[in-house]
Amino acid sequence: MMMQYWTIFGGAIGAALLYYGADFLVDGGVALAERCRVPKLIIGLTLVAFGTSAPELVVSIDAALNDAGDIAAGNVIGSNICNVALILGVSALIAPLAVSKSLSRVDMPFLTIATFGFAGIEYFCGGVSRLQAALLLALFVLYLAVRLIFSPGRFEEAAGKSDARPGIVKALLLTAGGIAALVIGAKLFVRGAVVLAQLARIGEAVIALTVVALGTSLPELATSAVAAWKRETEIAIGNVVGSNLFNILLIMSIAPLAKPLKTPGIVTADLAVMCVLVVLLWGMLRLRGRIGKVEGALLLAIYAGYVVSLANR
């Protein structure tokens, strides 16, 4: 019993690490963007997104190596649904998320192709082979080339008051420290939440579908919410779009390359929700160029409905 209480206490420490880790990561990412004259959106899509996707990467690779293909793929599918519906919904309620047009013109087409491509592989093949993983990895390399090398005006957008920001070394330390705190904080928080739910006699299925599923997305939630609070909206939405791209194109290529995935437990409805959400997000950005409070409330309602449907399976 004492060990359980220590685990719950560790969960509280994890929650604090999530907040401060997100705070450090946002400040470090913004400072790096301004010091290196790189647009904040690109920092959000790459460095911040990769850092917050670290828990998904660890979980999926470990699951693949242990022949738990459903966990590896389900982790990515569930996280991508959570990122768009829950995290962008919460962030939009904190502050409207306005971004540059390049996000809907460059990044969203890649995310849509990646999402539907991955969903098609899962639906028709019931898993991901090494060849399919290599194709996803090739698309990831192409995306980075288009976004980081050929994206027009990538440096002009970044002009800012860099003198008011930390130097390069301090910015790197803030970013690295933030990523480390997010990864450790997410792990501690999930463990504490699971024990607390068990003490409250909540069923294991409900725990798995809620607390554990949300666990690997906690870094994205903390980072995007803090970024929205600080009005760094391009970091907030870039983190989500970038994380979803990393989840599909990088994690779902590295994990099957380590060991091909068989996913008999993946349900078509989950793939459909993931695809519908990415189309809905692209439509919001194309039509309005922003995600406001109304759109945020709609996304949260979709997520709530999805969780209810999971509980009733």
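Throughout, residue positions are numbered sequentially from 1 according to the sequence presented. Since this is a predicted model, take the numbers as computed values, not measurements.
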Handout entry: side chain to side chain contact (heavy atoms under 4.5 Å, CB included) partner of V90, the single match among L93, L88, I87, L86
Key = L86
Problem - Minimum heavy-atom distance A228-L97, with the two atoms named - result: CB-CD2, 4.3 Å
Problem - Interatomic distance, I81 atom CD1 to I302 atom CD1 [nearest 0.5 angstrom] - result: 11.0 Å
Practice task
Measure from the side-chain N and O atoms of T263 to the backbone N and O of G126, and report whether any donor-acceptor pair falls under 3.5 Å.
Solution key: yes
Completion exercise
In terms of heavy-atom contacts, I248 and A114 come closest through CG2-O, 3.6 Å
Practice task
Supply the atom-to-atom distance N83 CG to L221 CG, rounded to the nearest 0.5 angstrom.
Solution key: 9.0 Å
Practice task
Report yes if the side chains of E232 and V226 come closer than 4.5 Å at any heavy-atom pair, otherwise no.
Solution key: no
Exercise for the section: State, to 0.1 Å, how close M274 and A119 come at their nearest heavy-atom pair, and which atoms those are. Expected result: CE-CB, 4.3 Å
Exercise for the section: Kindly indicate, with the supporting measurements, whether the criterion side chain to side chain contact (heavy atoms under 4.5 Å, CB included) is fulfilled by L245 and Y143. Expected result: CA-CA 9 Å; L245 278 163; Y143 165 71; 3.5 Å; yes
Practice task
Check whether I113 and F124 end up in the same hydrophobic cluster, where Ile, Leu, Val, Met, Phe, Trp and Tyr are linked by side-chain heavy atoms less than 4.5 Å apart.
Solution key: yes
Handout entry: Spatial distance of atom CG (L298) from atom OH (Y303) [nearest 0.5 Å]
Key = 15.5 Å
Practice task
Treating Ile, Leu, Val, Met, Phe, Trp and Tyr as nodes and any side-chain heavy-atom pair under 4.5 angstrom as an edge, say whether V141 and I254 lie in one connected cluster.
Solution key: no
Handout entry: Steps toward side chain to side chain contact (heavy atoms under 4.5 Å, CB included) verdict (S91, I237)
Key = CA-CA 9 Å; S91 300; I237 194 168; over 6 Å; no
Exercise for the section: Group every Ile, Leu, Val, Met, Phe, Trp and Tyr by side-chain heavy-atom contacts under 4.5 Å, then state whether I121 and L135 land in the same group. Expected result: no
Handout entry: Cluster link I94 to V294, ILVMFWY, side chain under 4.5 Å
Key = no
Problem - S104 (side chain) donor-acceptor with R286 (main chain) under 3.5 angstrom - result: no
Practice task
Taking the side chain as every heavy atom from C-beta outward, state whether L299 and M284 have any atom pair closer than 4.5 Å.
Solution key: yes
Exercise for the section: I would like to know whether F118 and L249 meet side chain to side chain contact (heavy atoms under 4.5 Å, CB included); could you show each step before the answer? Expected result: CA-CA 9 Å; F118 173 58; L249 297 181; over 6 Å; no
Handout entry: Option passing side chain to side chain contact (heavy atoms under 4.5 Å, CB included) with N80 (candidates N244, V240, V273)
Key = N244
Fill in the blank from the handout: Heavy-atom closest pair (L271 atom, Y123 atom, distance to 0.1 Å) is CD1-N, 4.1 Å
Handout entry: Rounded distance (nearest 0.5 Å) linking atom CE of M108 with atom CG of L281
Key = 4.0 Å
Problem - Residue pair V278 / V84, side-chain heavy-atom distance below 4.5 Å - result: no
Exercise for the section: Measure the CZ-OG distance between F246 and S79 for me, rounded to the nearest 0.5 Å. Expected result: 14.5 Å
Problem - Check ion pair E295-R290 (N to O, under 4.0 angstrom) - result: no
Exercise for the section: Determine, stepwise, if the pair F140 / S253 fulfils side chain to side chain contact (heavy atoms under 4.5 Å, CB included). Expected result: CA-CA 9 Å; F140 177 71; S253 59; 5.9 Å; no
Handout entry: Gap separating the CG atom of D270 from the OH atom of Y306, nearest 0.5 angstrom
Key = 3.5 Å
Exercise for the section: Return yes if a side-chain donor-acceptor contact under 3.5 Å exists between N239 and S224, otherwise no. Expected result: yes
Problem - Side-chain touch V128/E122, heavy atoms, less than 4.5 angstrom - result: yes
Exercise for the section: Heavy atoms only: give me the nearest C125-Q132 pair and the separation to one decimal. Expected result: SG-NE2, 3.2 Å
Practice task
Please name the pair of heavy atoms, one in S129 and one in P260, separated by the smallest distance, quoted to 0.1 Å.
Solution key: CA-CB, 4.4 Å
Handout entry: Verify same cluster id: L139, F116 (apolar side-chain graph, 4.5 Å)
Key = yes
